[in-house]
Q: 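Here it is: the structure, laid out below.
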Amino acid sequence: MFLLLVLSGCIYGASALNNGLALTPPMGWLSWERFRCEKDCKKFPNSCVDEELYMAMADRMVADGYREAGYEYVHIDDCWAAPQRDENGKLQADPQRFPSGMQALADYLHEKRLKLGIYTDIGYDTCEGLPGSEFYMESDANTFAEWGVDLVKTDGCNADLKEMDISYPAFGFYLNNTGRRMVYGCSWPAAQIVLGKMQPNYASIRQHCNIWRNFLDVQDSWENVKGVFKFYGENKQNFANFSGPGGFSDPDQLLMGDYGLSIYQQKAQFGMWAMMTSPLFMSVDLRTIDPKAKAILLNKNVIAINQDPLGAQGIMLYGISNSLSVWRKPLAVKGSFAIAFLNEDDQGRPMPFSIHLGDIGLTNVNGYNVTNIFDNIHMGYFKPTSTLNVLIDPTSIVIVKAVPL
Ligand SMILES: *[C@@H]1O[C@H](CO)[C@@H](O)[C@H](O)[C@H]1NC(C)=O
Ligand SMILES: *[C@@H]1O[C@H](CO)[C@@H](O)[C@H](O)[C@H]1NC(C)=O
Ligand SMILES: *[C@@H]1O[C@H](CO)[C@@H](O)[C@H](O)[C@H]1NC(C)=O
């Protein structure tokens, strides 16, 4: 127990959901950001939400090295379900778009050593107006278990915000009762903060959910991603305190390879998701992804920062509005840290920045071995008083790892 608390990196020792899952942030591919709710497969055969799409992404994940890099969940979002439950009240997949059925899709993924994520809603309807789990929690949990689902994202549309303190734990109870271990994703705090301006009960959220959304959906623009950095940097609700093995803050999907971010901004998003110990869900067409975007997603060093077993969420130490911010994430190797220098400025030249490690709490007298993580460049050995110089591209990031000597 002591070990667990120390490892959790979670100051208040709030206990995590005890299902043995999400000991590090889950990684995979999620359809929503890129593919949304397209149901017209005649008109858009390659980009509608159907079983072919998920199978095609699974094939790419195996063939192109994503699975080996750690991406394992193939995650369906809203719009998979038929508009009506069956005569027994059971959820059913849309028969035109998922003719083989969900269980067949789960089997397909499991044979490839991948996992299936699915979507429901804690309210009466999903955000897109399909059946939600409100009055069917036990039945839906059982259905998901029977199909072989491995992760359940549970959205927060069309639901009473105050009741979420009871409804999310209740659905978690039924998921647990199935005996099948399923990662439980909750939109509980996001709905309460965004829609209700409420202060969520994070101790309870950590106890009942494996991942939790705190904020709005990510959209495909730098403006939007900067808004996420700001929200997480301010950390007004202190949610960073509650991240640790078994439960993590989820700032939503990655935009590598999509339309809105430059390659430099994609580095910034991926790097910051690593620093914030966020689930890593790509949302891109893996059949046509740009090689530079792919290289970001497969960057082993950055993934290792995200997947560090301590599981602590990095926090912003200080920020200058619309310009530079410095973030720090403690790592499992005692006394070591990842430090991010995020440059939100769009001035057309790389920004030089200098810092003493001692000024950001790295005070080991023997100094540190410092490596630039993204580019895998050994920067050298630094005492707390010696100057570390970095050069940060416009709207991009530099991340260093500092290991005590
Ligand atoms: C259900 O909860 C119990 C108690 O926390 C835990 O030991 C068990 O592993 C959980 N089982 C599943 C399938 O999540
Ligand atoms: C969160 O942790 C910080 C220290 O990192 C502490 O100052 C703060 O009081 C904590 N707040 C809550 C509500 O947990
Ligand atoms: C410092 O880090 C580099 C990797 O960037 C590694 O090759 C080197 O062995 C490390 N030095 C020490 C003394 O650990």
Side-chain angles (χ1 to χ4, degrees), residues 1 3-5 7-8 10 13-24 26 73 106 110 115-118 120 133 137-154 166 168-186 203-212 242 244-248 271 274 299-305 308 329 331-341 357 362 364-384 386 388-390 398-405:
M1 194 58 192
L3 185 69
L4 193 74
L5 286 181
L7 271 180
S8 81
C10 159
S15 57
L17 173 57
N18 182 23
N19 61 2
L21 298 174
L23 298 181
T24 60
Y73 292 92
H110 293 155
K115 293 176 173 164
L116 174 61
I118 208 165
T120 187
S133 293
M137 286 186 184
E138 184 170 18
S139 164
D140 291 357
N142 289 339
T143 300
F144 295 149
E146 184 190 307
W147 286 345
V149 166
D150 304 291
L151 179 157
V152 182
K153 171 178 177 176
T154 310
I166 296 160
Y168 272 102
F171 190 46
F173 168 84
Y174 290 117
L175 290 174
N176 176 282
N177 237 6
T178 66
R180 183 174 178 84
R181 304 202 303 165
M182 294 181 265
V183 170
Y184 185 24
C186 302
S204 180
I205 289 163
R206 175 165 172 79
Q207 201 186 334
H208 293 105
C209 304
N210 291 120
I211 51 178
W212 51 85
F242 296 92
F248 298 98
N299 188 308
K300 283 198 176 77
N301 290 342
V302 182
I303 292 174
I305 298 294
D308 180 80
K329 169 178 155 82
L331 301 173
V333 170
K334 202 172 181 305
S336 64
F337 294 92
I339 315 282
F341 305 95
L357 290 182
L362 277 68
N364 179 44
V365 286
N366 292 329
Y368 295 85
N369 188 8
V370 177
T371 307
N372 173 326
I373 284 302
F374 250 113
D375 308 317
N376 202 20
I377 298 167
H378 185 217
M379 297 177 73
Y381 302 95
F382 293 80
K383 299 276 183 194
S386 48
L388 178 73
N389 297 309
V390 291
V398 168
I399 301 181
V400 304
K401 183 165 99 169
V403 181
L405 295 164

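All heavy atoms count here, side chains included; hydrogens, waters and symmetry mates do not. Order of appearance sets the numbers: ligands from 1, and atoms from 1 within every ligand.
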Q: For atom 9 (O) of ligand 3, is some protein heavy-atom partner under 4.0 Å away?
A: no
Q: Just to confirm my output: which protein heavy-atom neighbour is closest to atom 2 (O) of ligand 3, and how far is it?
A: Asn369 ND2, 2.4 Å
Q: Return yes or no for this condition: an N or O of Arg180 is under 3.5 Å from an N or O of ligand 1.
A: no
Q: I'd like to check which ligand 1 atoms, numbered from 1 as shown, lie under 4.0 Å from a non-hydrogen atom of Asn19.
A: 14 (O)
Q: Can you tell me how far apart CZ (Arg181) and CG (Asn176) are? Round to the nearest 0.5 Å.
A: 11.0 Å
Q: Considering heavy atoms of the protein only, find what lies nearest to atom 13 (C) of ligand 3 and give residue, atom and distance to 0.1 Å.
A: Tyr381 OH, 3.7 Å
Q: Between ligand 1 and Gly179, can you find any atom pair, the residue atom being a heavy atom, that is separated by under 4.0 Å?
A: yes
Q: For the residue pair Tyr184 and Phe171, categorise the inter-ring angle as parallel (less than 30°), tilted (30 to 60°) or perpendicular (more than 60°).
A: perpendicular
Q: Considering heavy atoms of the protein only, find what lies nearest to atom 4 (C) of ligand 1 and give residue, atom and distance to 0.1 Å.
A: Asn18 ND2, 4.0 Å
Q: For atom 5 (O) of ligand 3, which protein heavy atom lies nearest, and how many Å away is it?
A: Thr371 OG1, 2.8 Å
Q: Parallel, tilted or perpendicular: which describes the rings of His378 and Tyr381, with under 30° parallel and over 60° perpendicular?
A: perpendicular
Q: Does the side chain of Ile118 reach to within under 4.5 Å of the side chain of Trp147, using non-hydrogen atoms?
A: yes
Q: From atom 3 (C) of ligand 1, work out which of Val183, Asn176, Asn177, Leu175 has a heavy atom at the shortest distance.
A: Asn176
Q: Is there side-chain contact between Trp212 and Arg206, with heavy atoms separated by less than 4.5 Å?
A: yes
Q: Quick check against the 3.5 Å criterion: does Tyr168 have a side-chain atom that pairs as donor or acceptor with the backbone of Thr154?
A: yes
Q: Taking the side chain as C-beta and beyond, is there a heavy-atom pair between Asp150 and His110 under 4.5 Å?
A: yes
